[in-house]
Amino acid sequence: MNASQIEKNVIALVENFNKEEFVFDLLKAYGISKTSITRLKKGDFNLSKIDGEVLYKSKMLFKEVESGALLNTIDELTKDTDSLKHNPRFVIVTDYKTLLAKDIRTGLALDTPILEIHKHFGFFLPWAGQEKYAQKNENYADRKASYKMAKLYDILVTENPNIYDDGGHNLNIFLSRLLFCFFAEDTDIFPIEGMFTDTLEQHTQKDGSDTHTFLDRLFKVLNTKDNSKEAAHFKEFPYVNGGLFRDTIVSPKFTKEARKIIVECGDLDWSEINPDIFGSMIQAVVNPAYRSGLGMHYTSVPNIMKVIEPLFLNELNEEFEKHFNDVKKLNKLINRIAKIKVFDPACGSGNFLIIAYKQLRRLEIKILARIYEVNHQLNLGFPDVYTKIKLSQFYGLELDDFAHEMAILSLWLAEHQMNKEFVNELHDYGKAEDILPLKEAGNITQGNATRLNWEDTCPKNEDDEIYILGNPPYLGSRNQDKEQKEDMKFVFLKDYKSLDYVSAWFYKGAKYIQGFNAQLAFVSTNSICQGEQVSLTWPRILNEKVEIGFAHQTFKWTNNAKGNAGVSVVIVGLRNISNKQRLIYIDSHKLKVLNINAYLTGGPNIFIFKRSRPLSNIPKMSYGNMPLEGGFLRFRDDEKDKIVKDVRTLKYIRNVIGGEEFLKNINRYCFWIDDEDLEDAIKIPEINVRIKNVREFRENGGEVARTLANRSHQFRYRNEPSNNQIVIPCTSSEGREYLPCGYYDSSYISLNSVQTVYDAEPWVFGLLYSKMHNNWLSAVGGKLESRIRYSSALCYNTFPFPDINEKQKEQINLHVFEILEEREKHPEKTIGDLYNPDKMPKGLKEAHHQLDLAIERCYRLKPFESDTERLEYLFKEYEKMINKNTLLEKPKRTRKKKAK
DNA sequence: CATCCGACACCGT
DNA sequence: ACGGTGTCGGATG
């Protein structure tokens, strides 16, 4: 069934609205078969046993509720894990006046009068298998406009070579004004529709020669209160002011082509523009580095909601429902909302601020409508009402000058849109002041958030209620430039060199909210809550007397931009230490916990620090050999065939084993040349050329590489076992139940994509393969996005393992042989395939299970019942061992320090 | 010397 | 375009 047919169906449903049949009619409208619906009605498809509830597998969870309980109910239902087991795509509640729905997959929410549901028919299209229908078209207008603006921008820059002499500020303001005019003429901010474009077209030369003088003059007119003496075609333009047209700038020169494009821009329908998204897109126009992605770093609305809702919106909504019948309290709530400050210290073109603004305005509308309803029932009058929410409650800080201009502009546009909505929704009494002349703007400052004192941007006054939010830049320690490193030094003073750039925002934010009625939540790379970053970053933040109030565990960054940023993110909410509930969001589920630690799990605050030696009595783990040779000393089968045609090469060829080679069963080789053989080896042309290539590569490389240029016939490191070696891939899929490890003989050279234990007894292999260890490394190890990242310092050297006797070791050895035997039964399968969770052979699974039991018996006799229990036990053991260890090591350490 | 990391990188479909 | 899944080299301790 196509979308337009569905729309017709939904319209028909509304026209013949039938309370009893509503939910079934709705499903029918989306093409769910009659028989399914009959069985659903009869009850054998309805998985819910509660009266008034319909739970339809993978489709929806529906509930009819009393007025006033809507929000609470949907909130409860969306975290009802029993129902969510059946994967309902939507949760729907209604009192048959209003309908609330939530898309569990995307997190999008719908709030509509039930008789207007046809206007939102697209929301439920996933039922009809039309997944991204709504999304695909979502930003069509924004994109079209952005592309046109990009064209205009390009031509203006080419024609005005000196345009960047002032750093581009003049041009930024110019573009911002132009955008305002396009928007204003299409949304009745200007008195006559299309008057900007029409006037420009009629009163400028076709060759573009006087377009800039026209615009200069028009901008002056827009900044003048009394234009009665102006020429007739300018007279009609209103006074805009608001700072937007205050300063005199010089418009760039136009060509014939440029004039044509500006007219084409004007002919687009700008009323469709979403200020929240458009700003980010248009920002990409002036930032060529982002051009191809067209706003790839803007935060999508669902993701912004993930920040805003737990930070303040949910609580305000609860207040509203709590005082649903109490006009006095409702008025109080409006006054509270009108005082809230929202501050984004990395606001870009303002999309968090705009969404926050819109959401607060919508809540105000809802409250006012309710107040009216109550007063109406009491036959009380209701005077005209204006919004109390002001743009000046919104604060932003942004480094990029153009983005900061866009943020100011977009907030005005959002205000205009919300004023319209306000008047529409509260049709009899909601009033809005004229948008012109523009009054106060958002408090958006241009500057470096790491350097500036945030209280200068967003002052803290007594009785203020402040929410800090945003999506600050992420940059791993090795990707920061010199200036950013200096920023980090400025913020942290010391031990800043390995921190992610985003941590500066958390740190400054924590200091800002400390002891004040303020909270914060940022979207951040998930890296800062994994691996070494946790113990480097969080102790100093959580020392600021703040706690993690809520958190979203890792989800993949997506928006509708073309080139999505490749990163996985978390959301971390910080607040002053309190007794309030703490929530962890995992996908669409909510989890109430007693504490949220820096790994964003519900355990106690624990920090696992890197160690260079094992905590337990287990052999040393080494890194594989890093080649650092640009790939010139290594080759695969196809190349090998050619190389060995010269039999002299055979002497210098060795097998290599890296992560991918191990997991995907790939043969790979390298030249392995001892110093004393070098003279002979370079007589072979193939080898000689490769060594030269390595030298060139290293000479052009970084500091370390350059020091290695003189031994370009060798890898950077040259470690080998005497007999055998265990290899563990440094990076591997998180989908497997066990992190695969391999046993290789000494003919193999390990690569730095594996960790190795040289000449280890089999029980070490068993220990690495155990569920205990796998649980540990998933909890405390680093990740690549969500991939498992095995490192000796975090996973192996920190692992608490009891001292075991020879008999126990022998026991474990047997289980290890069992596993190796099982693996050998499937020579056609790669290790990666063998450990694919869906395809793991039964025998192998059983062998692993037996090993797990043997390993766990080393810890205690009572078997472990769950992974949670295993982890809890391990953390306790870890603390015990660390305490014992520090007691023993203390004297040594002090001496060492003195020696320095 | 010895790393853990990446607003990633790349492959296969 | 997108899900699936791991390289490689270096600034830093």
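Proteins get letters first, then strands, A, B, ... in listed order; numbering begins at 1 in each.
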Query raised in the report: Looking at residues at least two apart in the chain, or sitting in another chain, which of them share a side-chain contact (heavy atoms from CB on, under 4.5 Å) with A:S778?
Result: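 Checked A:S778 against side-chain contact (heavy atoms from CB on, under 4.5 Å); zero matches.
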
**Report entry** Residues which pass side-chain contact (heavy atoms from CB on, under 4.5 Å) with A:L794, listed by chain and number, not counting sequence neighbours
**Finding:** A:E532, A:K610, A:S791

Between atom [atom1] in [X] and atom [atom2] in [N], what is the gap in whole Å?
X: A:W557; N: B:dG6; atom1: CH2; atom2: P; result: 16 Å
X: A:I788; N: C:dG6; atom1: CD1; atom2: P; result: 10 Å
X: A:N625; N: B:dA2; atom1: CG; atom2: P; result: 11 Å
X: A:N303; N: B:dA7; atom1: CG; atom2: P; result: 18 Å
X: A:Y790; N: C:dT7; atom1: OH; atom2: P; result: 16 Å
X: A:I657; N: C:dT7; atom1: CD1; atom2: C1'; result: 14 Å
X: A:K664; N: C:dT5; atom1: NZ; atom2: P; result: 8 Å
X: A:L499; N: B:dG6; atom1: CG; atom2: C1'; result: 16 Å

Query raised in the report: Parallel, tilted or perpendicular: which describes the rings of A:Y738 and A:Y769, with under 30° parallel and over 60° perpendicular?
Result: perpendicular

Query raised in the report: Angle class for the A:F801/A:F799 ring planes (parallel below 30°, perpendicular above 60°, tilted otherwise)?
Result: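 Correct class here is parallel.
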
Roughly how many Å apart are [M] and [N], using the [atom1] atom of each and rounding to a whole number?
N: B:dC4; M: C:dT7; atom1: C1'; value: 14 Å
N: B:dA7; M: C:dG13; atom1: C1'; value: 26 Å
N: C:dC8; M: B:dG12; atom1: P; value: 15 Å

Who passes side-chain hydrogen bond (donor to acceptor under 3.5 Å, both in side chains) against [X], sequence neighbours left out?
X: A:E696; value: none
X: A:E639; value: A:R690
X: A:S792; value: A:Y623
X: A:Y599; value: none

Query - Counterpart residues, ring-ring contact (aromatic ring centres under 6.0 Å, His included), relative to A:Y878 (two or more places apart) - result: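 In terms of ring-ring contact (aromatic ring centres under 6.0 Å, His included), with neighbours along the sequence ignored, A:Y878 is linked to A:W776.
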
**Report entry** Of the listed nucleotides B:dG6, B:dC1, C:dT5, the one nearest the side chain of A:S527
**Finding:** B:dG6

Report summary line: Quick note, A:E532 side chain, CB onward, closest among B:dC4, B:dA2, C:dG6 is B:dC4

Query raised in the report: So what does A:R736 hit on the nucleic acid, given a heavy-atom distance under 4.0 Å: a base, only sugar-phosphate, or nothing?
Result: sugar-phosphate

**Report entry** Footprint string (nucleotides 8-13 of chain C, 5' to 3'): B base within contact, S backbone only, - free, heavy atoms under 4.0 Å
**Finding:** SBBBSS

Query raised in the report: Is the backbone N or O of A:G348 less than 3.5 Å from a side-chain atom of A:E398, with the two atoms forming a donor-acceptor pair by type?
Result: yes

Under 3.5 Å, which N/O atoms of the protein pair with N/O atoms of nucleotides 8-10 of chain B?
| from | atom 1 | to | atom 2 | distance (Å) |
| --- | --- | --- | --- | --- |
| B:dC8 | OP2 | A:G566 | N | 2.8 |
| B:dC8 | N4 | A:E785 | OE1 | 2.8 |

Query raised in the report: According to the ring-ring contact (aromatic ring centres under 6.0 Å, His included) rule, which pairs have a member within residues 471-495 of chain A, sequence neighbours left out?
Result: A:F492-A:Y507

Requested in this report: May I have all residue pairs that pass side chain to side chain donor-acceptor pair (under 3.5 Å) and include part of residues 490-506 of chain A, sequence neighbours excluded?
Outcome: A:D487-A:Y501

Report task. Taking Watson-Crick and G-U wobble pairs with both distances under 3.5 Å, convert DNA chain B into its dot-bracket string, 5' to 3', dots for unpaired and | for cross-strand pairs. Result -> ||||||.||||||

Query - Check: A:N471 side chain, B:dA7 base, donor-acceptor under 3.5 Å - result: yes

